[in-house]
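Quick notes on the structure that follows.
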Amino acid sequence: AVDAGADAITLHGRTREQRYSKAADWDAIAALKASVNVPVIGNGDLLTWWEIDERWTRSGVDSVMISRGALIKPWIFQEAKEKRTIHKTAAERLAILRRYVELAREHFGTDDHATVRIRMFLVWHLAFFCRYRHLPDDQYRQDAWSHPLLQTRLPDPPAVTDGLEGLLA
């Protein structure tokens with residue numbers, strides 16, 4: 001790619017055949033970074049600020065790309081910038097969904113066709129967004145060093161007593 005003129009390379013650390021059955025290989029991303037003289041953007045299994053920080057630092061990449069983690073926690077970019085965990089309440093998460101619909105209406109319009117399209121995307125986003133669980137640093141950070149949280153089967157959350165929290169879950 002560099003010989004053909006690429007100015008940068010983005011690498012997701014897993015093959016298509018692996019799908020999501022194995023963790024992203026950040027050692028492979030680091031090896032690519034060490035072998036080329038263009039910026040490398042690493043991607044794969046980033047859900048917390050500390051996973052972003054550790055994989056970015058250890059691999060030496062110039063930047064990271066966040067995919068599923070951003071669909072689950074759109075505020076992950078703020079967490080990464082501030083290097084802290086942010087726990088959004090159910091009301092705050094609902095406000096994010098409302099803002100999404102507002103922006104989608106600005107983009108797609110408000111006619112019937114636009115409404116169908118917005119609903120389609122909203123349902124798709126909700127399939128990720130509902131996976132959010134507050135992951136206390138002290139409980140999950142150590143385990144995340146050896147196996148990324150996006151690839152971890154977390155225990156079921158405690159019974160939800162808040163109606164809005166239950167709806168979003």
Side-chain angles (χ1 to χ4, degrees), residues 7-14 20 23-27 29-30 32-33 39-108 117-158 160-169:
D7 292 324
I9 300 171
T10 300
L11 180 62
H12 191 288
R14 94 169 46 85
Y20 298 115
D25 185 350
W26 278 84
D27 291 333
I29 296 169
L32 172 66
K33 174 58 186 168
V40 172
I41 302 138
N43 177 248
D45 299 330
L46 301 173
L47 183 62
T48 65
W49 74 266
W50 67 80
E51 288 176 308
I52 294 166
D53 191 59
E54 189 273 338
R55 284 162 181 79
W56 191 335
T57 302
R58 192 180 77 191
S59 67
V61 294
D62 299 279
S63 187
V64 296
M65 183 169 65
I66 303 167
S67 305
R68 285 182 299 157
L71 292 170
I72 295 167
K73 289 180 10 180
W75 57 93
I76 193 170
F77 304 101
Q78 182 183 358
E79 288 185 345
K81 180 180 178 184
E82 297 175 8
K83 295 190 179 199
R84 69 182 182 97
T85 299
I86 299 170
H87 175 57
K88 297 280 187 184
T89 65
E92 290 169 324
R93 296 192 324 270
L94 183 59
I96 291 169
L97 290 175
R98 286 185 172 131
R99 179 69 174 140
Y100 167 78
V101 171
E102 186 180 294
L103 292 170
R105 287 216 176 275
E106 285 179 23
H107 180 75
F108 292 116
R117 190 168 178 108
I118 292 167
R119 282 183 188 151
M120 179 186 73
F121 281 111
L122 183 60
V123 168
W124 184 79
H125 281 291
L126 282 169
F128 288 95
F129 200 64
C130 70
R131 298 178 194 182
Y132 170 73
R133 277 193 229 161
H134 177 58
L135 302 171
D137 293 0
D138 58 348
Q139 185 176 353
Y140 291 101
R141 189 170 182 173
Q142 189 60 42
D143 291 341
W145 295 123
S146 60
H147 195 70
L149 290 173
L150 269 175
Q151 294 298 106
T152 302
R153 295 218 183 266
L154 299 169
D156 287 336
V160 178
T161 56
D162 176 271
L164 183 54
E165 191 68 55
L167 179 65
L168 291 176

Under the 3.5 angstrom rule, does the side chain of [X] hit a backbone N or O of [Y] as a donor-acceptor pair?
X	Y	value
W26	G44	yes
E79	I86	yes
E51	T48	yes

Partner of D45 under side-chain hydrogen bond (donor to acceptor under 3.5 Å, both in side chains), chosen from H12, R55, R14: R14
Nearest-0.5 Å distance, [atom1] of residue [X] to [atom2] of residue [Y]:
X	Y	atom1	atom2	value
I72	F128	CD1	CZ	7.0 Å
I118	H125	CD1	NE2	11.0 Å
L164	T89	CG	OG1	8.0 Å
K33	I9	NZ	CD1	9.5 Å
T57	I52	OG1	CD1	11.0 Å
I29	I41	CD1	CD1	11.0 Å

Evaluation steps, side-chain contact (heavy atoms from CB on, under 4.5 Å), between R58 and D27: CA-CA 9 Å; R58 192 180 77 191; D27 291 333; 3.7 Å; yes
Would you name the heavy atoms of [X] and [Y] that are closest together and state the gap between them?
X	Y	result
L97	L126	CD1-CD2, 3.7 Å
R93	W75	CD-CH2, 3.6 Å
L46	I66	O-CG2, 4.0 Å

Pairing residues for W56 by the side-chain hydrogen bond (donor to acceptor under 3.5 Å, both in side chains) criterion, not counting sequence neighbours: none
Contacts of type salt bridge (Lys or Arg N to Asp or Glu O under 4.0 Å), residue K83, not counting sequence neighbours: D53
R105, CZ atom: more than 12 neighbouring heavy atoms under 6.0 Å: yes
Contact check, side chains of V61 and L11, non-hydrogen atoms, under 4.5 Å: no
T10 vs N43, side-chain hydrogen bond (donor to acceptor under 3.5 Å, both in side chains): CA-CA, chis, key distance, verdict: CA-CA 7 Å; T10 300; N43 177 248; over 6 Å; no
Derivation and outcome, side-chain contact (heavy atoms from CB on, under 4.5 Å), residues H87 and Y132: CA-CA 10 Å; H87 175 57; Y132 170 73; 2.9 Å; yes
E106 vs L103, side-chain contact (heavy atoms from CB on, under 4.5 Å): CA-CA, chis, key distance, verdict: CA-CA 5 Å; E106 285 179 23; L103 292 170; 4.2 Å; yes
